[in-house]
Trainee: 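This is the structure I have questions about; it appears just below.
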Amino acid sequence: MEIDVCREVLRNIALVGDKWSLAVVGHLRGRTVRYGDLRRAVTGISQRMLTLTLRQLERDGLVSRTVHATVPPRVDYALTPLGTALLDSVAPLGAWAAAHRTEITANRDRYDGRARERGAPS
């Protein structure tokens, strides 16, 4: 693969590794959500981070933003077909992570315990 193509692919894969993007995309599956409802649904996200995440997802074409001319203004977010395709692609990865979470946690605990015994930082 050409180096520029590799960089683009890695940049796109970074969407999956972002802390908040998949949580936001997941909450938008199959529905339109208002900003405030989305903020309440994505536990732990700050208003600033939600705004930045939504802007990036909109920039990448994964999320659409609709502003309604009401008082106060209402803003709705929804997945685009590209966002739905991303969610469909990462769903098996999420299922794998859920199915193996206890095993992975046990492995980490075991490894961290051995590292403490050796005096190494975990």
Trainee: What distance separates I45 CD1 from L52 CG, expressed to the nearest 0.5 Å?
Mentor: 9.0 Å
Trainee: Side chains of Y35 and L54, heavy atoms from C-beta outward: is any pair under 4.5 Å?
Mentor: yes
Trainee: Any chance you could measure I104, atom CD1, to D109, atom CG, to the nearest 0.5 Å?
Mentor: 12.0 Å
Trainee: What is the distance from atom OG1 of T53 to atom CH2 of W20, rounded to the nearest 0.5 Å?
Mentor: 8.5 Å
Trainee: Any salt bridge between D76 and R31, counting N to O under 4.0 Å?
Mentor: no
Trainee: Taking the side chain as every heavy atom from C-beta outward, state whether R108 and Y111 have any pair of such atoms under 4.5 Å apart.
Mentor: no
Trainee: Taking L10 as the starting point, is it possible to reach L93 by hopping between hydrophobic residues whose side chains are less than 4.5 Å apart?
Mentor: no
Trainee: Strictly by modelled atom types, are E8 and N12 linked by a side-chain donor-acceptor pair under 3.5 Å?
Mentor: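 Side-chain D/A pair, E8 to N12: absent.
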Trainee: Counting only heavy atoms from other residues, nucleotides and ligands, does the tally under 6.0 Å from CZ of R55 exceed 12?
Mentor: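 Not buried by this count: 12 neighbours or fewer within 6.0 Å.
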Trainee: Any non-hydrogen side-chain atom of Q47 less than 4.5 Å from a side-chain atom of L50?
Mentor: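 No, side chains not in contact.
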Trainee: Looking only at heavy atoms, which two atoms of P72 and T70 are closest? And how far apart?
Mentor: O-OG1, 2.7 Å
Trainee: Check D18 against S21 and note the closest heavy-atom contact, atom names and distance.
Mentor: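 The answer is OD2-N, 2.6 Å.
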Trainee: What's the separation between atom NE2 in H100 and atom CG in N107, rounded to the nearest 0.5 Å?
Mentor: 11.5 Å
Trainee: Are side-chain heavy atoms of L79 and V63 found at a separation under 4.5 Å?
Mentor: yes
Trainee: When you measure from the side chain of R29 to the backbone of G26, do you find a donor-acceptor pair of N or O atoms at a distance under 3.5 Å?
Mentor: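 No, the answer is negative, given that no donor and acceptor are paired below the 3.5 Å cut-off.
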Trainee: How many angstroms lie between atom CE of M49 and atom CZ of R39, to the nearest 0.5 angstrom?
Mentor: 12.0 Å
Trainee: Taking the side chain as everything from C-beta on, heavy atoms only, tell me whether L87 gets closer than 4.5 Å to L28.
Mentor: no
Trainee: I need the minimum non-hydrogen distance between V25 and G83, along with the two atoms involved.
Mentor: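 Closest approach of V25 to G83, heavy atoms only: CG1-O, 4.1 Å.
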Trainee: Do H27 and L38 have side-chain heavy atoms sitting under 4.5 Å apart?
Mentor: yes
